Undergrad: 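Take a look at the following structure, please.
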Amino acid sequence: MIIGSRNDGSDSGVSLRAERFNRHTFWCGQSGSGKTYALGMVLEQLLLHTELPLLILDPNADFTRLNEVRSDADTEEARALAEIPVRILHSTSTDGEQVRARFTDLSVASKAAALQLDPISDAEEFNVLLHTDVDPKTFNNESFITGLRASNDPGKLKLANRIENLQVLEWDLWSRGVEAITDVIDTHPRANSP
Ligand SMILES: Nc1ncnc2c1ncn2[C@@H]1O[C@H](COP(=O)(O)OP(=O)(O)OP(=O)(O)O)[C@@H](O)[C@H]1O
Ligand SMILES: [Mg+2]
């Protein structure tokens with residue numbers, strides 16, 4: 001796929017082998033040298049010329065307009081790009097679709113990280129977490145905490161305090177019945193850009 005042209009006066013374009021993008025790629029250059037710009041070109045070309053699914057974790061919000069085509073771009077490629085399903089999910093801006101996660105979809109390690117739990121130094125609480133199975137359809141913040149508190153298990157009491165103190169259940173991140181990022185990925189859009 002062609003991603004640009006040479007500046008040595010020759011006519012030949014600069015091309016990369018698209019099929020190699022299913023492997024690790026290290027993309028480096030000085031600040032301001034054009035990494036983001038060139039990566040934008042690569043992402044467009046991958047969308048156009050491959051079937052590779054793309055999941056773009058984009059904390060700098062460099063590619064949040066990947067699903068838009070410039071009004072003056074009236075080419076075959078622009079028309080093709082406009083047809084490709086790209087979902088852009090936001091985590092800081094409240095405009096547009098939001099990144100949401102379902103706590104129950106997380107691995108135990110991720111749940112423990114959200115709760116700042118260590119499997120050794122917080123062994124009792126960690127073990128409660130390990131054995132706590134909640135149904136996302138019926139999950140309710142208050143009854144969950146009340147249920148933990150109703151027990152005489154010191155691990156459960158400590159976990160209830162931890163959850164309340166960290167206010168984890170109040171995070172905007174949780175899907176609370178709406179579409180979670182895992183659901184978005186299951187719909188197989190070509191690119192997600194959280
Ligand atoms: N091939 C190009 N043609 C025209 N302008 C370009 C090109 N590459 C980069 N630029 C412009 O140069 C500037 C710096 O590029 P870019 O932001 O991509 O650099 P970067 O390496 O990602 O920088 P940083 O390390 O700060 O993230 C931008 O204004 C960009 O639009
Ligand atoms: Mg950059």
Side-chain angles (χ1 to χ4, degrees), residues 1-103 105-107 109-116 166-168 170-175 178-194:
M1 60 193 190
I2 307 278
I3 61 154
S5 53
R6 296 178 193 277
N7 65 2
D8 61 4
S10 65
D11 287 342
S12 57
V14 175
S15 63
L16 294 176
R17 290 169 66 180
E19 70 275 14
R20 291 298 174 97
F21 276 88
N22 63 352
R23 292 281 186 271
H24 296 121
T25 302
F26 182 57
W27 195 258
C28 63
Q30 283 187 336
S31 186
S33 60
K35 298 178 296 295
T36 300
Y37 184 97
L39 183 57
M41 292 292 299
V42 167
L43 294 175
E44 277 182 7
Q45 295 301 304
L46 288 174
L47 283 172
L48 282 167
H49 301 299
T50 76
E51 295 295 317
L52 269 183
L54 307 179
L55 176 67
I56 304 166
L57 307 178
D58 183 15
N60 294 338
D62 285 324
F63 304 114
T64 52
R65 298 179 68 186
L66 188 63
N67 60 347
E68 295 175 33
V69 177
R70 281 201 327 269
S71 56
D72 61 339
D74 185 26
T75 62
E76 279 299 309
E77 287 199 339
R79 273 193 290 280
L81 273 173
E83 305 266 298
I84 296 171
V86 175
R87 299 272 300 262
I88 312 283
L89 306 172
H90 301 269
S91 59
T92 48
S93 154
T94 51
D95 289 338
E97 287 193 274
Q98 304 291 300
V99 177
R100 294 287 180 255
R102 206 177 285 115
F103 189 77
D105 286 345
L106 302 182
S107 65
S110 300
K111 288 176 182 168
L115 293 166
Q116 299 178 31
L166 291 173
Q167 303 184 355
V168 171
E170 277 81 57
W171 290 359
D172 286 339
L173 174 69
W174 308 126
S175 60
V178 304
E179 193 179 37
I181 183 73
T182 39
D183 304 321
V184 175
I185 290 169
D186 285 345
T187 66
H188 295 121
R190 283 292 309 285
N192 302 283
S193 179

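We count ligands from 1, going down the list as the structure has it; atoms in each ligand are counted the same way. Heavy atoms only: backbone and side chains are in, while hydrogens, waters and symmetry mates are out. In this text the structure is predicted, and so the values were computed from the model without any measurement. Sequence positions, counted from 1, serve as the residue numbers for this chain.
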Undergrad: If you measure from CZ on Phe63 to CG on Leu39, what distance do you get to the nearest 0.5 Å?
TA: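 Answer for the CZ-CG pair, Phe63 versus Leu39, is 4.0 Å.
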Undergrad: I need the nearest protein heavy-atom contact for atom 31 (O) of ligand 1: residue, atom name and distance, please.
TA: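 I find the closest protein heavy atom is Tyr37 CD1, 3.7 Å.
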Undergrad: Does the pair Arg102/Asp183 count as a salt bridge with the N-to-O cut at 4.0 Å?
TA: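 Salt bridge present between Arg102 and Asp183.
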Undergrad: Yes or no, since that's all I need: does a protein heavy atom fall within a distance strictly under 4.0 Å of atom 7 (C) of ligand 1?
TA: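 Looking at atom 7 (C) of ligand 1, one finds that a protein heavy atom does lie closer than 4.0 Å.
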Undergrad: Mind listing the closest non-hydrogen atom pair of Pro189 and Val184 along with its distance?
TA: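 The pair with the smallest heavy-atom distance is CD-O, 3.2 Å.
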Undergrad: Among all the protein's non-hydrogen atoms, which is closest to atom 20 (P) of ligand 1, and how far away is it?
TA: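 Checked against all protein heavy atoms, atom 20 (P) of ligand 1 sits closest to Lys35 N, 3.5 Å.
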Undergrad: Would you call Gly4 a ligand 1 contact, heavy-atom distance under 4.0 Å?
TA: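 Checking ligand 1 against Gly4, which is what was asked, there is no heavy-atom contact under 4.0 Å.
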Undergrad: Could you check which of Ser5, Ser31, Gly40 puts a non-hydrogen atom nearest to atom 26 (O) of ligand 1?
TA: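 The option holding the nearest heavy atom is Ser31.
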Undergrad: Please indicate whether Asn22 has more than 12 foreign heavy atoms, meaning atoms of other residues, nucleotides or ligands, lying under 6.0 Å from its CG.
TA: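 Result for CG/Asn22: enclosed.
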Undergrad: Locate the shortest heavy-atom distance separating Arg6 from Val14; write the atom from each residue and the value.
TA: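 Heavy atoms of Arg6 and Val14 come nearest at CG-CG2, 3.9 Å.
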Undergrad: Any protein heavy atom at under 4.0 Å, with atom 16 (P) of ligand 1 as the reference point?
TA: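 Neighbour list for atom 16 (P) of ligand 1 includes protein heavy atoms (cut-off 4.0 Å).
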Undergrad: Got a sec: does the CG of Asp11 have more than 12 other heavy atoms crowding it under 6.0 Å?
TA: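 Atom CG in Asp11 is not crowded, with 12 or fewer foreign heavy atoms closer than 6.0 Å.
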Undergrad: Measure the distance from atom 22 (O) of ligand 1 to every protein heavy atom, then report the residue, atom name and distance (to 0.1 Å) of the closest one.
TA: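 Here the closest protein heavy atom is Thr36 OG1, 2.7 Å.
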Undergrad: What residues, two or more places apart in sequence or in another chain, satisfy salt bridge (charged side-chain N to carboxylate O under 4.0 Å, His left out) together with Glu97?
TA: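 Here the qualifying residues are Arg87.
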Undergrad: Got an N, O or S from Thr36 under 2.8 Å of the Mg ion (ligand 2)?
TA: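 Short answer: yes, at least one N, O or S atom is under the cut-off.
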Undergrad: Which of the numbered atoms in ligand 1 are under 4.0 angstrom from any heavy atom belonging to Gly34?
TA: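 Going through ligand 1 atom by atom, the ones under 4.0 Å from Gly34 are 8 (N), 9 (C), 15 (O), 16 (P), 18 (O), 19 (O), 20 (P), 21 (O).
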Undergrad: What is the closest protein heavy atom to atom 23 (O) of ligand 1, and at what distance does it sit?
TA: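 The closest heavy atom on the protein side is Gly32 N, 2.9 Å.
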Undergrad: Is Gln30 close enough to touch ligand 1? Criterion: a residue heavy atom under 4.0 Å from a ligand atom.
TA: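 Gln30 counts as a contact of ligand 1 under the 4.0 Å cut-off.
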Undergrad: Any chance you could measure Glu77, atom CD, to Leu47, atom CG, to the nearest 0.5 Å?
TA: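 The CD atom of Glu77 sits 11.0 Å away from the CG atom of Leu47.
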Undergrad: Could you tell me whether atom 13 (C) of ligand 1 has at least one protein heavy atom nearer than 4.0 Å?
TA: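 It does not: no protein heavy atom is found less than 4.0 Å away from atom 13 (C) of ligand 1.
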